Amino acid sequence: MIRLTVNGQAHELDVPSYRTLLDCLRYDLGLTGSKEGCGVGVCGACTVLLDGKMISSCIALAVFADGREVTTVEGLAEDERLHPVQQAFMDAGGFQCGICTPGQVVAAKALLDAIPHPSEAEIKEWMLGNLCRCTGYYKIVESIQAAAGQARA
Amino acid sequence: MAHRIVGQRFGRLDGADKVTGAARYSADVTLPGMVWGKALRSPLPHARIVRVDASRARALPGVLAVLTAADVPDLLVGRRMFDMPLLARDRVRFVGEKVAVVAALDPDVAEEALAFIEVEYDELPAVFDPADAIQPGAPLVHENPGAYHGAPAERPHANVQSVLRFKLGDVDAGFREADRVFEHTFRTQLAHHGYIEPHAGVIALDEDERVQVWASNKMPYRLKELLSHALELPPARIRVNLTPIGGDFGGKGSLMDLPLAYHLARVTRRPVKMVMRYTEELMAGNPRHPSVVTMRTGVTKDGRIVARRATALYNSGAYAAFKPAPSVNLGGTSMGAGVYRIPHLLLEGFCVYTNTIPCGHARSPGEPQMLFAEESHMDMIAKELGLDPVELRRRNLLRDGDALANGHHLEHVRATETLDAALAASDWAKPKPRGVGRGVAMGHRHIGVGFTNAQVRLETKGTVTLTIGLPDTGTGAHLVLRQVVAEVLGLSIDEVQIELATTDLFETDSGVGGSRVTHTGGRAAFHAAEKLKEQIHAEATKLGTPDASFATIAQAAAREGRTLEAVHFYDAKSHAAVTSFTAQVAEVAVDPATGQVTVLRFTTAHDVGTIINPLGHQGQIEGGLIQGLGFALMEELQTAEGRISTLSLGDFKLPTIRDIPPLTTVIVEDAVGPGPFRAKAIGEGSISPVAPAIANAVADACGVRIVDLPITAEKVYFALQDRKGRS
Amino acid sequence: MIAFDYRAPRSLDETLAILQEYGDEARVIAGGTALVTMMRQRLAQPACVVSVRGVAGLGRIEATNGSIRIGALVTHREAECSPLIQERLPVLAETFRRVGTIRIRHMATVGGALAHADPNQDPPVTLMALDAGVEVQRAGGGRELPVAEFFRDYYESALEPGELVTAVTVPLLPAATGASYVKFLPRTADDYATVAVAATVTLEPDGEHCREARIALGSVATTPLRERAAEALLSGARLGERLLKAAGSAAKTAVDPLDDHRGSAAYKREMTAVMVERALTQAWAEARRAARASG
């Protein structure tokens, strides 16, 4: 039995030892926003925050998160209002197919929490582990810059 | 012409579900009682299957079914040429071919069960290289491919799937006119599309015994046809439900695991989900064909091309099933002519069977391969002739009225303007430091054709709903179609909503692909909206209030039990007389101590039609370009003896956010496209010239010519050492 | 993955008792980046997985006399961002920064990176050049061994069944010493190194001769390597560009790389020479700066 707080909601779950955190979120909790891409921690489609820090949920065991707080893409918007990062990705064309987007916006949110006004180099270092095959990344950088500007306003 | 909505930069209004995680991709579809399918794959490139024993796997707790070839119909599937069994029967032909499939209550249990299936193989001689495969006496991958449904007639060797040929003039006579003849051979690598969403599908049999399908497939109507054949069921028994697709780039048009998911669903009486692991994608997806391209060109003393022969050997792998074109070949073969007027031309592409992963279509199929060869070849010729590479290009660029390799005559040719725009924006003529080089490359691409339906309906609140059967692959096409309808009907973008139909609604539709949606979907939406506009006017006239609001009109009709709606089926059968040109300049630095290539800046110029949404348009340019960059510098499925060793995204590397160069885009606008509001296409315009532009820049920077992709530091380093050794 | 016993002890003693009980049937998990990936690929199928994440006392970074002691559970990200490490051993902070991506660095631990014994990892290379020691505990005892003696073969360390890495102790740099870490990444910014080199250079009081140099190499053999022949060339010698180049050439003959996706063995050998020279050049520049600052 593990205890997880996901997006502010507490859960008690009986999961097999081999269950990854990603599978736990997707299948045990029905939170399918986080995606499995590469399955080896490289692509970032499964990025979630564990106690506020971004990790790859595809290579974390669910038991590893026992007693901790998980934030997924589903937890970013507040009362129907999109998080500024989410809005910026829409406005600036920060996604196309959208499969990497949950991971991108979770990572970008964590970035702006840590560095509210990041430089381009800081954005690129932080987002290094979130692959996107559609955009060529230019508009992801622009989206994050736009979100940072909005947060400043 | 000034437009209200067309040409406006709209953000991704259609994407709230994508940024919140609410969008449900195929792998996210969950149904009550659903179970998981997983496939066992061959570890050998070519072998006879002596024995399969699944009894231990069947006995595992949590396992509901194990199917082998004996448990599924003995039929062959494909997109054009039907040569692939559902599960290997008697024989495996590549490492990764499916041999058995398991359904279990939990994905990990299903995967674990695979280890309990015993397969005894008797290894057969295999062939991996297409040049070896077409030699007399080569091991045959298939005994009699000509007998397969959809197989092209011409077959110079039993290991040839297809031949695609383009001819102009008399190439032998042309070479006799030449003062100099140049021949070079180039190679391009096996490369996966790199979409982040692996193939996924869910199949359920509903209470009416209809087959409900959710799949990462961009051509739902074609999928319905192909499933009807593969499942031996009438089309009416199959319904494809549209889901967003997590990256396509040409790779998401085949059946992949869906027939097996169906058979598992049939046997278990449960909905079945099959999602490929990324490792499976890399060993058995349908990647870009590797190629060996030989270019032979005859030129006059003053640098006019009089004749060219280009021959491409494409390593197609063990099956032809993934190729969708009627030719069962790669249309990009025609790019052997580049962007040049060549009076005598013979271009040939041979798709060859080998015991390797079966290849399919990838963004601009065949073009990155051919253009790498062609545009590198042009620079090599220029060097030999002592001509500036830009000057050699200028003397040969296509002009109005010229014929392409496919026989089409072009109008509104903007090749020179596009080249000039790229050169100006890239500071081509400016001096550069030692170790820095610039390279130019060009390409052009036709505007996609196909057939699409659009239905528009006036809602009683005065808004319009556009219903289509085109899934969202991420390009922003749905937003483009909304813009078209809003423009025609004088509505705001928010007043046009989009609704995705299942395959029950329309008769047929060519789906997404080949840079066609803005053209075919756009024209379908445009004409449907025009029809609706006429109906609205007629209603208004009938009401006697010509300026009545749409809501008033719709409500009046509703009171009489009518809905105002219109459908248009648009079928663009032949290519337009215009294409889109691309000219690109790469500026690179080469580290002489390591061979490492750094792209310092990149310039891309595009000859486009009316741009409907500048944001989406630019996104297509940037995304395609960085895929081209990855193809040029790093992406490679490395293989030995038919085994791919780069089986994760840790080893098969895609460009990251830190690998992208500063980019300048130049738009050469000339609204003459066949699309709505004279739009053209953009999805496949930026990818192909990137590699030759970089190769040409590397040659300019350090004098070494890399003729095989990707251009790794190692290749450049050893080429530099060779040169040092020689001098 | 297949089912396994999962144990999450809270104390070191309890952990060591479990490890003793299970012997080589048990695998320790800390951040899990390496082990879970291997388990998902069926490269490891342990009967018991012992999570040490909750074990008290293994997560501290502290200055002891003349060195910094880093607990095994300190994550790469914590090490990278630690003000103590940044100030006293910036090369080590930089090395941790070069590991994969921030996401991985949030998970992967200092102890785990050692125990994994992957010759392509970054931190072991710098720890080796810095002459760090590894603290190892087992039920009823412990030992400390130099990092240079910790790696035995491809993914094989000196750890015996029942043993656990508890900390690594890194001596501070002596006076007039510079250190560097060079990671050669010719493909993309997120990759394992084609060749990695960590180097230190300590200057004699004359500021021109080398008192001592240490060179460690990654991704060029089945384990990280200490390159003593090249070090010997430098020791006592007057530093200059030609000498650093010679050290690079010497290092090239010592390595035995594998062909892989990041380069052929032949290329890695050539690049070893280039990267050793570059790492030494940087370390030398740092050493002169350090000498000036203290002098």
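For clarity, every value in this text was computed on a predicted model and none was experimentally measured. Sequence lines set the chain letters: A, B, ... in the order given, protein chains first and strands last, and positions in each chain run from 1.
- No donor-acceptor contact under 3.5 angstrom links the side chains of A:Thr5 and A:Glu69, judged on distance only.
- The shortest distance between side-chain heavy atoms of B:Asp257 and B:Met276 falls below 4.5 Å.
- Only the backbone of B:Leu13 comes within contact range of chain A, judged by heavy atoms closer than 4.5 Å.
- Contact tally against chain A (heavy-atom pairs below 4.5 Å) for B:Glu197, B:Arg658, B:Glu622: the top residue is B:Glu622.
- Heavy-atom distances place both the backbone and the side chain of B:Asp28 under 4.5 Å from chain A.
- Contacts with chain B were tallied for A:Val105, A:Val40, A:Leu131; A:Leu131 has the most, counting heavy-atom pairs under 4.5 Å.
- Residue B:Asp17 does not touch chain A at all, counting heavy-atom pairs closer than 4.5 Å.
- Using a 4.5 Å cut-off between heavy atoms, A:Gln104 makes no contact with chain B at all.
- Proximity to chain B is limited to the side chain of A:Ile140, based on heavy atoms less than 4.5 angstrom apart.
- Using a cutoff of 4.0 Å between basic side-chain nitrogens and carboxylate oxygens, B:Lys38 and B:Glu111 are scored as salt-bridged.
- With a threshold of 4.5 angstrom between heavy atoms, B:Gln620 approaches chain A through its backbone and through its side chain.
- Heavy atoms of A:Cys43 lying under 4.5 Å from chain B belong exclusively to its side chain.
- Of the residues considered (B:Gly246, B:Ser648, B:Gly630), B:Gly246 shows the highest number of contacts with chain A, using heavy-atom pairs under 4.5 Å.
- Only the side chain of A:Leu82 comes within less than 4.5 Å of a heavy atom of chain B; its backbone N, CA, C and O stay farther away.
- Both the backbone and the side chain of A:Val73 come within contact range of chain B, each with at least one heavy atom under 4.5 Å from a heavy atom of that chain.
- Evaluated for a side-chain contact (heavy atoms from CB on, under 4.5 Å) with B:Leu663, the options B:Thr604, B:Thr603, B:Leu629 yield exactly one hit, B:Thr604.
- Considering only heavy atoms from C-beta on, A:Val48 stays 4.5 Å or farther from A:Thr71 through its side chain.
- Ring to ring, B:Phe631 and B:His193 are not that close: their centroids are 6.0 angstrom or more apart.
- For B:Ala22, no part sits under 4.5 Å from any heavy atom of chain A, backbone or side chain.
- For A:Lys35 and B:Tyr25, the positive end is not near the middle of the six-membered ring at less than 6.0 Å and at most 45° from its axis.
- Put simply, of A:Cys97, A:Cys134, A:Gly136, the one with the most heavy-atom pairs under 4.5 Å next to chain B is A:Cys97.
- Counting heavy atoms from C-beta on, the side chains of A:Lys139 and B:Gln618 come closer than 4.5 Å.
- Interface remark: B:Ala200 contributes no atoms to any contact with chain A (heavy atom separation under 4.5 Å).
- A:Asp23 touches chain B through its side chain: at least one heavy atom from C-beta onward sits under 4.5 Å away, while N, CA, C and O do not.
- Interface remark: B:Ile245 contributes backbone atoms only to the contact with chain A (heavy atom separation under 4.5 Å).
- Looking at B:Pro471, there are no atoms closer than 4.5 Å to chain A (heavy atoms on both sides), in backbone or side chain.
- In the model, B:His192 has a side-chain atom that pairs as donor or acceptor with a side-chain atom of B:Glu281 under 3.5 Å.
- Looking only at side-chain heavy atoms (C-beta outward), A:Leu111 and A:Pro118 come within less than 4.5 Å of each other.
- Among A:Glu36, A:Lys124, A:Met127, A:Glu120, the residue making the largest number of heavy-atom pairs under 4.5 Å with chain B is A:Lys124.
- With a threshold of 4.5 angstrom between heavy atoms, A:Ala92 approaches chain B through N, CA, C or O but not through any side-chain atom.
- For the options A:Ala121, A:Cys38, A:Gly30, A:Ala77, heavy-atom pairs under 4.5 Å to chain B are most numerous at A:Cys38.
- At distances below 3.5 Å, not a single donor-acceptor pair connects side-chain atoms of B:Asp248 with backbone N or O atoms of B:Thr473.
- Neither the backbone nor the side chain of B:Phe10 comes within contact range of chain A; no heavy atoms are under 4.5 Å apart.
- Contact annotation for B:Pro655: both backbone and side-chain heavy atoms come within less than 4.5 Å of a heavy atom of chain A.
- The closest side-chain donor-acceptor pair between A:Tyr18 and B:Asp106 falls under 3.5 angstrom.
- No donor-acceptor pair under 3.5 Å is formed between the side chain of A:Gln87 and the backbone N or O of A:Pro84.
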